[in-house]
Every structure is written in structure tokens, then in C-alpha cells.
Visitor: 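Have a look at this one before I ask anything.
Chain letters run A, B, ... following the sequence lines, proteins first, then strands; residues in each count from 1. These values consider heavy atoms only, across backbone and side chains, with no hydrogens, waters or symmetry-generated copies.
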Amino acid sequence: MHDIKSIRENPQDFDNGLKRRGLAALSSEILKLDQDWRQTTTRLQEMQSARNDASKRIGQAKAQKNDAEALRLMGEVTRLKDEMPAAEQRAKELEQTINERLGEIPNLPAADVPDGPDESANKEVRRTGQPRSMNFAAKQHFELGEALKLMDFEAATRMSGARFVLLKAQLARLERAIGNFMLDLHTGTFGYQETSPPLLVRDQAMFGTAQLPKFRDEQFGTTNGYWLIPTAEVSLTNQVRETILSEADMPLRFTAWTPCFRSEAGAAGKDTRGMIRMHQFSKVELVSITTPEQSQAEHERMTSCAEEVLKRLDLPYRTVVLCTGDMGFAARKTYDIEVWLPGQNAYREISSCSNCGDFQARRMEARYRPTGDSKGTRFVHTLNGSGLAVGRTLVAILENYQQADGSIAIPPALRPYMGGAEAIAAHGA
RNA sequence: GGAUGGGUGGCCGAGUGGUUGAAGGCACCGGUCUUGAAAACCGGCAGGGGUUUACGCCCCUCGUGAGUUCGAAUCUCACCCCAUCCGCCA
């Protein structure tokens with residue numbers, strides 16, 4: 001949500017930001033509504049003030065038994081009140097319209113975000129690790145998983161339809177190992193607080209992190225008004241909704257390993273094979289709540305925390321900064337981390353780390369009180385990142401650690417979580 | 001699902017029609033005292049918005065929205081949320 005005051009003060013900056021995102025200018029339309037609202041409000045407040053004043057004097061007149069004066073004042077108030085309802089209604093309508101419009105406008109890109117229309121304009125900022133050379137043709141993860149008889153798309157489809165998968169035995173355990181490994185790293189080494197949050201949330205929470213109102217179609221909802229979280233970002237970030245924190249509390253760092261649910265509306269035909277794009281997947285999420293001064297450094301830190309997972313798993317990856325046209329709705333700047341998938345011969349997104357600035361905080365009313373200042377509050381900054389997508393990490397391990405015979409080596413960092421096993425043996429071996 | 005109780009400032013908690021935006025406590029900020037800290041004491045301290053060059057002035061907010069009234073945190077209605085007990089249940 002944008003600050004109407006900053007639009008008033010810098011309409012040109014606002015429109016420029018939208019333009020960088022490929023959107024039309026909106027400031028003049030918004031400001032026209034705003035001006036109308038302010039005029040209406042000022043007029044209404046004058047009437048309210050006059051009414052309050054007269055009411056007070058009625059009380060005084062009655063106390064002094066001056067019934068004539070009281071009666072006269074009552075008449076005055078009655079006359080005043082004739083005009084008030086219309087102004088009240090008008091002000092309310094305008095306010096609602098403005099809020100609806102503002103709620104559907106995405107965050108503005110940070111100054112150092114490269115301009116561009118789509119992912120082709122994203123900029124690689126670093127490349128880490130070398131794709132392993134294989135003396136055989138690399139297979140894709142679903143070929144490997146199905147050959148192992150441990151990845152069952154058919155059974156999943158029979159009960160749930162497309163975009164679901166059922167993992168078995170060593171692969172099911174591998175998923176658990178990955179999740180545990182990531183949580184241990186982020187809590188133990190990086191100081192994130194492990195959290196086990198609700199997976200069903202209300203409208204307000206989804207509005208807070210900006211899945212609503214614009215992306216309703218991409219969510220799963222229950223028949224009685226709950227939403228299934230599309231990412232733990234929703235639950236973790238909304239922890240601070242409608243609160244006023246102390247500056248000393250920050251930064252707050254939370255992590256959670258949860259299932260995520262996405263309808264994948266609009267993704268028809270994309271990534272239909274395999275488990276790259278599922279209706280349900282698990283992810284370890286990182287969320288930080290910071291002061292405005294801290295958020296930029298925290299963004300770099302968070303990205304490096306996510307990267308560390310890939311380093312420890314010895315998976316090659318590259319980090320890109322998304323261009324203005326490819327960023328998500330709430331982000332002011334985003335790094336994507338893309339892991340190398342030899343079976344696809346491509347880098348594929350495995351993490352997305354975003355600094356949302358105060359955009360979500362405004363929607364959630366998440367504020368803090370600066371130290372040494374007992375008066376006044378400021379909005380916090382919120383950041384979120386995958387640390388990492390667990391399903392896609394499993395995909396990456398399968399493809400990068402595949403052996404000629406179809407078995408999968410287990411990365412050393414995960415072996416303690418796999419009962420010491422060094423490989424997932426080929427079926428029938 | 002049934003029954004009851006309840007939603008007040010950062011937190012706890014008074015307050016049932018009239019200068020109450022709200023006692024008291026805690027927290028926080030400033031000060032006195034102290035070698036320093038703590039304690040004690042003194043003072044300050046809700047949020048949002050409009051308007052103003054500024055000082056300031058004004059409006060709104062006691063879950064939300066309607067209503068009664070000259071006037072509502074206080075009365076009425078609807079809704080939302082929370083708690084407890086019962087039922088069901090992992």
C-alpha cells in the first residue's frame with residue numbers, strides 16, 4: 001500500500017516508478033480523488049466542530065437552567081445536522097475508492113533495480129559453483145524418480161489430479177532431510193527463530209502481504225472463509241500485524257518449514273512434467289522485520305543465508321537481480337537464486353528474496369517506536385525469502401547427484417539426516 | 001454445533017449518557033539523587049487524519065457498522081473477533 005502523502009508530495013516520482021514497472025501514470029487520478037476527499041473532509045470537520053461546540057454550550061445552558069438558550073442552540077444543531085450526512089457519505093465513499101485503488105497498485109522499484117519488461121532483462125550478479133561434468137546423458141528428475149519407483153505421479157493424480165506428487169521411502173525421507181537441514185542451518189547459524197505457524201489464514205492476513213485483493217485466483221480458499229497459505233511469508237510476516245514494536249526488538253528473524261498451496265492459475269502448460277510446479281509443495285521460508293535503515297543490509301544478508309544452503313549442498317547456482325518488469329507485486333527489490341538443473345540444462349528458480357520496504361507494513365499496520373522517541377511511530381520494513389523451496393531442492397539433488405546407473409548420491413551435508421546413507425540405490429540394484 | 005461472558009491507550013486495567021481521549025499501574029522518554037547502576041522521587045508520554053510557513057487550531061478513533069440523543073466508551077440493533085463451559089474430534 002502506498003502512502004498517499006508521498007504521492008501528494010512527489011507525484012512525478014510515483015508515476016516514474018509505475019512507468020518503470022510498465023504501468024500507466026496514476027498520480028493525477030489518485031490526487032484528484034484525494035483532493036476531493038480532503039475538501040469534503042475539511043468541510044465536514046468544520047460542521048462537526050460547530051456541532052460539538054453548540055452541544056457543549058447546551059450542556060452549560062442546561063446546567064444554568066437557561067432553557068431558552070438551550071432550546072435555541074438545539075435548533076442550531078438540528079439545522080447543522082441536515083447537511084452533515086451527505087458530506088459524511090461522500091467522504092466515506094471517496095476514502096473507500098482511494099483505498100481500493102491504492103490496494104491494487106504494486107510497490108515501486110528501488111532505484112538500483114534494473115529496468116526491463118520481463119525476465120530477459122534480469123541481471124546476473126554472481127555465479128557460484130561449477131556444473132559437474134557427466135560422462136552420460138543427464139536425466140530429468142522425474143525420469144530418475146520414476147525409475148527409482150519412489151516418485152509416483154500417477155497415484156497422486158488418481159486421488160488429487162494434475163500437479164500433485166507422491167514421494168516414497170528414501171525420497172520422502174530426503175524431503176524431510178532437506179527441510180530439517182535448512183531449518184537447522186537458519187536457526188543454528190543465522191539466528192532465525194523457528195516457527196510453526198497457521199496454514200489457514202483470514203482475508204486480512206492475505207491482504208496484509210498483498211496476495212489479496214489482486215491475486216485471489218491464484219489462491220486456494222476453504223468453503224468457510226479461510227485461505228490456504230501460498231507461502232509461509234503470509235503467516236510469518238503477519239505475526240506483527242497491528243502491533244507497535246520497539247526499535248530494540250529489531251531485526252526480527254523468523255523461519256518456518258511449511259506446505260504451500262497455489263492454484264497455479266495462468267500457468268497452464270508450464271512445467272507440466274515433474275515436480276517443478278505443484279499445487280502443493282513444501283518450502284522453508286525466511287522473514288525479517290526491520291527498521292527502514294536496516295532493510296537493505298538485511299536483504300543482502302537474507303540472500304546470502306539462502307545461498308549458503310546451496311553452497312553446503314554443493315549445488316551450482318547463480319543469483320540474479322530481477323528487473324522492474326519481473327518483480328512481484330509487493331517487492332521493491334528482489335534477488336532470485338537459480339539452481340543448475342543438468343537434466344533441463346538450465347538454471348531454474350529455487351529461491352526469491354525480496355525487500356518489500358514498508359509496503360506490506362502499511363497494509364498490516366505494523367509499526368515500531370523509535371528508540372529515544374516516546375512519541376510517534378514508523379512503519380517497519382518487511383523482507384521475505386525462500387531458504388529454500390524444498391521440492392525444487394530435491395529436484396536439484398536428483399539431477400545434480402545422479403549416477404550413470406540411475407542411483408542418487410546423497411550430499412554429505414544431508415547424510416546425518418538420512419541415517420548415514422550415502423546414496424539412494426537404483427531400483428532393482 | 002449449543003450455552004455464557006467479553007472486546008478500552010505499547011501492555012495490564014478502571015470507567016453505564018455531559019467539558020473523559022479516558023483513573024491507576026507497568027513499559028518507555030527526560031530530570032533529581034548516585035562514583036556508576038538499581039531503588040526512590042519529579043515531570044512527560046495514545047493512534048490516525050485535516051488545516052497552517054510556523055506556533056497552533058480542528059476532526060476521528062474505547063472491535064466494526066448502523067441507530068437513539070442537543071450530546072455515546074457508556075443505551076439499542078446487526079456483524080466481526082476472543083475467552084470459558086458443554087458436545088464432537090486429531
Visitor: To the nearest Å, give me how far apart CD (A/Glu46) and C1' (B/C60) are.
Guide: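 One finds 15 Å between C1' of B/C60 and CD of A/Glu46, rounded.
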
Visitor: Salt bridge between A/Asp36 and A/Arg90, side-chain N to carboxylate O under 4.0 Å?
Guide: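 Counted as a salt bridge, because a side-chain N and a carboxylate O are separated by less than 4.0 Å.
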
Visitor: Mark yes or no for whether A/Asp314, through its side chain, and A/Pro411, through its backbone, hold a donor-acceptor pair below 3.5 Å.
Guide: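 No; zero donor-acceptor contacts below 3.5 Å.
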
Visitor: May I ask you to check whether A/Phe359 and A/His381 place their ring centers less than 6.0 Å from one another?
Guide: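 Centroid separation for A/Phe359 and A/His381: 6.0 Å or greater.
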
Visitor: What's the CG-P distance between A/Leu245 and B/C28, to the nearest Å?
Guide: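 It works out to 16 Å between those atoms.
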
Visitor: Using a 4.0 Å heavy-atom cut-off across all strands, classify A/Arg8 as base, sugar-phosphate, or nothing.
Guide: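 Since only primed, P, OP1 and OP2 atoms lie under 4.0 Å of A/Arg8, the category is sugar-phosphate.
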
Visitor: In whole angstrom, what separates A/Arg90's CZ from B/C59's P?
Guide: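 Between P of B/C59 and CZ of A/Arg90: 23 Å.
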
Visitor: Which distance, rounded to the nearest 0.5 Å, do you find between the CZ of A/Arg262 and the CD of A/Gln219?
Guide: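 Going from the CZ atom of A/Arg262 to the CD atom of A/Gln219 covers 8.0 Å.
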
Visitor: For the pair made of CG in A/Leu94 and P in B/G50, what is the distance, rounded to whole Å?
Guide: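 The answer, rounded to whole Å, is 14 Å.
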
Visitor: Take atom C1' in B/G50 and the same atom in B/U34, then report the distance between them in whole Å.
Guide: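 B/G50 and B/U34 have their C1' atoms separated by 48 Å.
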
Visitor: Any side-chain to backbone donor/acceptor pair from A/Glu399 onto A/His141? Under 3.5 Å, distance only.
Guide: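 Here the side-chain-to-backbone pair exists.
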
Visitor: Starting the side chain at C-beta, find the nucleotide from B/G49, B/A66, B/G10 nearest to A/Ile244.
Guide: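 From the listed options, B/G10 comes nearest.
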
Visitor: When you check the phosphate oxygens OP1 and OP2 of B/U51, does a side-chain N or O of A/Arg38 lie under 4.0 Å from one of them?
Guide: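 Affirmative; the distance criterion is met.
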
Visitor: Distance between the P atoms of B/A73 and B/U19, in whole angstroms?
Guide: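 Those two atoms are separated by 10 Å.
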
Visitor: Measure CG/A/Asp53 against P/B/C57 and give the value in whole Å, please.
Guide: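 Value for this atom pair: 15 Å.
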
Visitor: What's the gap between B/G25 and B/C77 when it is taken at their C1' atoms, as a whole Å value?
Guide: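 B/G25 and B/C77 have their C1' atoms separated by 36 Å.
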
Visitor: Counting only Watson-Crick pairs (N1-N3 plus N6-O4 or O6-N4) and G-U wobbles (N1-O2, O6-N3), all under 3.5 Å, who is the partner of B/A40?
Guide: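 Checking every strand shown, B/A40 finds its partner in B/U32, with both distances under 3.5 Å.
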
Visitor: Establish, with yes or no, whether the OP1 or OP2 oxygen of B/U69 is under 4.0 angstrom from a side-chain nitrogen or oxygen of A/Arg51.
Guide: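 No, outside the criterion.
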
Visitor: What integer number of Å spans the P atoms of B/C33 and B/A38?
Guide: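 Result for the P pair: 15 Å, nearest Å.
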
Visitor: Quick one: CD on A/Glu264 to NE2 on A/His279, what's the gap to the nearest 0.5 Å?
Guide: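 Nearest 0.5 Å value for the CD-NE2 distance: 7.5 Å.
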
Visitor: Could you write out each protein N or O paired with an N or O of nucleotides 73-78 of chain B at a distance under 3.5 Å?
Guide:
none

Visitor: Specify the separation, in whole Å, of atom CD of A/Gln48 and atom C1' of B/G50.
Guide: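 Value for this atom pair: 11 Å.
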
Visitor: Sort out the partner of B/U16 for me: Watson-Crick or G-U wobble, both distances under 3.5 Å, none otherwise.
Guide: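 Across all strands, not a single nucleotide pairs with B/U16.
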
Visitor: If you find the nucleotide of RNA chain B closest to A/Glu242 and the one closest to A/Asp3, which residue's nucleotide is nearer the 5' end?
Guide: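 Whichever sits nearer the 5' end wins; that is A/Glu242.
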
Visitor: Please report the distance separating the C1' of B/U61 from the corresponding atom of B/A72, rounded so that it comes out in whole Å.
Guide: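 After rounding to an integer number of Å, I get 13 Å for this pair.
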
Visitor: Write down the distance between CE (A/Met84) and C1' (B/C60), rounded to a whole number of angstrom.
Guide: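 Taking atom C1' of B/C60 as the reference, CE of A/Met84 is at 11 Å.
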
Visitor: Mapping A/Ala54 and A/Leu44 to their closest nucleotides on RNA chain B, which lands nearer the 5' end?
Guide: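 Final value for this comparison: A/Leu44.
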
Visitor: Write down the distance separating the C1' atoms in B/C55 and B/G18, rounded off to the nearest Å.
Guide: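 It works out to 31 Å between them.
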
Visitor: Tell me which nucleotide, if any, is Watson-Crick or G-U wobble paired with B/C85 when both distances must be under 3.5 Å.
Guide: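 Base partner found: B/G2.
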
Visitor: Within a reach of under 6.0 Å around CD of A/Glu300, are more than 12 heavy atoms found that belong to other residues, nucleotides or ligands?
Guide: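 Yes.
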
Visitor: Strictly under 6.0 Å, is that where the ring centroids of A/Phe153 and A/Phe142 end up?
Guide: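 When the ring centroids of A/Phe153 and A/Phe142 are compared, they turn out to be at least 6.0 Å apart.
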
Visitor: Expressed in whole Å, how much space separates the P atoms belonging to B/C26 and B/C80?
Guide: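 Going atom to atom, P in each nucleotide, I get 39 Å.
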
Visitor: Just to verify, what does A/Asp115 make a side chain to side chain donor-acceptor pair (under 3.5 Å) with, not counting sequence neighbours?
Guide: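 Partners of A/Asp115 by the side chain to side chain donor-acceptor pair (under 3.5 Å) criterion, ordered by chain and then number, come out as A/Arg20.
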
Visitor: Taking only side-chain N and O atoms of A/Arg367, does any of them lie within less than 4.0 angstrom of OP1 or OP2 on B/G10?
Guide: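 So the side-chain polar atoms of A/Arg367 never come under 4.0 Å of the phosphate oxygens OP1 or OP2 of B/G10.
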
Visitor: Which of the following nucleotides, B/U51, B/G65, B/A46, is nearest to the side chain of A/Thr42?
Guide: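 Side chain of A/Thr42 sits closest to B/U51.
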
Visitor: Please name the nucleotide paired to B/C57 by Watson-Crick or G-U wobble geometry with both distances under 3.5 Å, or report none.
Guide: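 For B/C57, the partner nucleotide comes out as B/G50, under the 3.5 Å rule.
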
Visitor: Below 4.0 angstrom from OP1 or OP2 of B/C59, is there any side-chain N or O of A/Asn52?
Guide: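 A/Asn52 to B/C59 OP1/OP2: side-chain N or O found under 4.0 Å.
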
Visitor: OP1, OP2 of B/C82 versus side-chain N and O of A/Arg202: anything below 4.0 Å?
Guide: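 So the side chain of A/Arg202 is within the cut-off, an N or O lying under 4.0 Å from OP1 or OP2 of B/C82.
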
Visitor: Ignoring backbone atoms, test whether A/Thr377 places a side-chain nitrogen or oxygen under 4.0 Å from the OP1 or OP2 oxygen of B/G48.
Guide: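 Yes.
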
Visitor: Quickly work out the A/Met47 CE to B/C70 P distance and round it to whole Å.
Guide: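 My rounded result for the distance is 19 Å.
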
Visitor: Which whole number of Å gives the distance between the P atom of B/C81 and that of B/U64?
Guide: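 To the nearest whole Å, 15 Å.
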
Visitor: Going by side chain to side chain donor-acceptor pair (under 3.5 Å), name the pairs with one or both residues in residues 201-210 of chain A, residues two or more places apart or in two chains.
Guide: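 Listed by first then second residue: A/Asp203-A/Trp227, A/Thr209-A/Gln211.
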
